[in-house]
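Heads up: the structure comes next, in structure tokens.
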Amino acid sequence: MSGKAFYADRRQIATPSGTISYVEHGSGPVALFVHGVLLNSYLWRHQLAELGDLRRCIAVDLLAHGDTEIAADQDVSVTANAHMLAQFLDALHIDQVDLVGNDSGGGICQIFAALYPERIRSLALTNCDAHDNWPPEAFKPFVEMVAAGGLPQTLQAMVTDKTIYRSPQALGPAYERPEAVTDDTIDTYLQPHLRNAQRTRDIERFVNAFDNRHTVGIEDRLRLLQAPTLIAWGTDDIYFDVQWSHWLQQTIPGTRKRVEFKEARIFFPEERPGEFNRELKAHWANASA
């Protein structure tokens with residue numbers, strides 16, 4: 001599915017944190033999908049397409065991402081994004097969700113689950129930031145580049161020459177098969193950040209706000225979380241080592257299953273949707289039971 005086709009059904013809703021963009025498909029209990037840094041709800045296109053017979057699947061664009069519209073002074077930290085998710089659900093009159101997160105979106109999901117445990121029907125975490133591994137060591141050069149003011153040129157370079165995006169120096173290590181990432185996918189992820197100077201500043205502010213105090217600070221609450229939890233992890237991820245899947249399993253008492261996807265990398269929900277969707281289906285069925 002192209003980015004244009006995916007966003008043809010885009011919706012927006014006003015919240016105290018801004019006008020939040022989202023795409024939904026299907027019916028039934030709500031499943032909320034949360035992407036990570038630089039991407040947007042398009043990451044979850046395969047889940048929305050294939051799981052709509054089981055859930056009302058909603059993929060949201062975070063603050064400073066995708067088509068979500070925010071004020072220039074809006075707090076875009078990960079904790080602010082967690083509160084935004086609660087406001088978003090309030091606006092849609094949704095009480096509980098099956099929450100699914102990846103990358104920094106998975107960190108945001110942990111914060112949301114810790115602050116709003118009553119709103120979690122079930123939780124599924126894929127390779128993501130956790131505790132004091134934020135930002136991960138392999139991502140720190142990117143964070144430092146952003147802090148030095150290099151993001152506008154870097155984004156423009158990746159859009160102009162897609163091989164840069166796929167390269168080992170950029171987003172290539174996030175994919176098992178970076179050569180298979182289409183130009184359309186790259187444009188769908190990055191073009192929103194280049195629509196105007198303010199949008200570029202917003203994603204700069206999102207990255208500059210990275211601080212592991214947000215996840216370290218909710219550890220005690222995470223240790224009380226009883227919601228049925230799935231930990232699904234790609235084993236070949238340079239950003240989030242498998243040890244963090246074990247940490248999450250040991251920390252969240254509601255963990256029902258931890259599963260590994262051999263040789264998969266951080267964006268395996270996009271690259272291996274069939275395998276991941278099977279795990280989600282089983283997880284939701286077991287959680288309901």
Side-chain angles (χ1 to χ4, degrees), residues 31-37 47 77-79 81-83 85-86 96-140 173-174 176 210-269 272 275-289:
L32 181 63
F33 295 84
V34 186
H35 67 85
V37 62
Q47 284 67 48
S77 69
V78 289
T79 296
N81 267 283
H83 290 307
L85 293 181
Q96 280 194 324
V97 294
D98 297 295
L99 190 62
V100 185
N102 176 258
D103 190 29
S104 44
I108 291 167
C109 287
Q110 293 167 54
I111 298 167
F112 178 86
L115 298 180
Y116 303 96
E118 73 283 356
R119 308 199 75 158
I120 304 294
R121 184 184 305 107
S122 74
L123 177 64
L125 297 173
T126 66
N127 296 51
C128 62
D129 302 87
H131 200 246
D132 60 358
N133 186 41
W134 194 331
E137 195 65 34
F139 197 66
K140 287 181 179 177
E176 192 176 354
F210 277 12
D211 190 325
N212 63 36
R213 66 181 174 84
H214 293 277
T215 38
V216 170
I218 52 98
E219 179 184 353
D220 289 347
R221 297 190 189 190
L222 214 55
R223 292 188 180 278
L224 300 175
L225 186 64
Q226 298 296 329
T229 299
L230 168 69
I231 310 296
W233 221 259
T235 63
D236 198 22
D237 185 356
I238 68 168
Y239 304 106
F240 307 115
D241 189 85
V242 173
Q243 66 170 313
W244 289 105
S245 70
H246 291 284
W247 186 91
L248 287 165
Q249 180 185 32
Q250 294 160 8
T251 300
I252 300 174
T255 301
R256 301 279 184 88
K257 184 178 183 180
R258 189 191 68 85
V259 61
E260 295 181 2
F261 292 87
K262 299 299 182 183
E263 299 182 353
R265 299 190 179 182
I266 184 173
F267 295 147
F268 74 83
R272 298 192 189 183
E275 296 173 62
F276 180 52
N277 290 351
R278 282 193 294 272
E279 291 293 342
L280 274 182
K281 289 178 181 180
H283 173 56
W284 291 341
N286 291 334
S288 298

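Along the sequence shown, the residues carry numbers beginning at 1. All figures in this text were calculated on a predicted structure; none of them were measured in a lab. Only heavy atoms go into these numbers, but all of them, side chains included; no hydrogens, no water, no symmetry mates.
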Interatomic spacing from [atom1] in [X] to [atom2] in [Y] - rounded to 0.5 Å:
X	Y	atom1	atom2	value
Q250	I252	CD	CD1	11.5 Å
L99	Y116	CG	OH	13.0 Å
D132	E219	CG	CD	9.0 Å
I218	L115	CD1	CG	7.5 Å
N212	N133	CG	CG	9.0 Å
I231	C128	CD1	SG	7.5 Å

[X] vs [Y] side-chain heavy atoms within contact, under 4.5 Å:
X	Y	value
F268	E275	no
V34	F112	no
V242	E260	yes
F33	L280	yes
H131	W244	yes

Closest heavy-atom contact between [X] and [Y]?
X	Y	value
A114	R221	O-CD, 3.5 Å
R258	S245	NH1-OG, 3.1 Å
V259	E279	CG2-OE2, 3.8 Å
L125	G106	CD2-O, 3.6 Å
F261	A232	CE1-CB, 3.7 Å
A113	L123	CB-CD2, 4.4 Å

Parallel, tilted or perpendicular: rings of F240 and W233 (30°, 60°):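 Taking F240 first and then W233, their aromatic rings stand perpendicular (interplane angle over 60°).
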Name the orientation class of the two ring planes belonging to W134 and F210 (parallel below 30°, tilted from 30 to 60°, perpendicular beyond 60°). perpendicular
With no hydrogens and no angle check, is any side-chain donor or acceptor of [X] less than 3.5 Å from a backbone partner on [Y]?
X	Y	answer
R121	Q96	yes
Q110	L222	no
T126	G101	yes
S122	T229	no
D103	G105	no

Distance-only donor-acceptor check, side chains S104 and D129, under 3.5 Å: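 Distance-only check fails for S104 and D129.
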Near [X] [atom1], under 6.0 Å, is it more than 12 heavy atoms from other residues, nucleotides or ligands?
X	atom1	answer
E263	CD	no
E137	CD	no
R223	CZ	yes

In T79, T215, L85, the residue satisfying side-chain contact (heavy atoms from CB on, under 4.5 Å) with I108 is L85
Candidates N102, D236, D237, T235 - the one meeting side-chain hydrogen bond (donor to acceptor under 3.5 Å, both in side chains) with N127: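 Passing option: D237.
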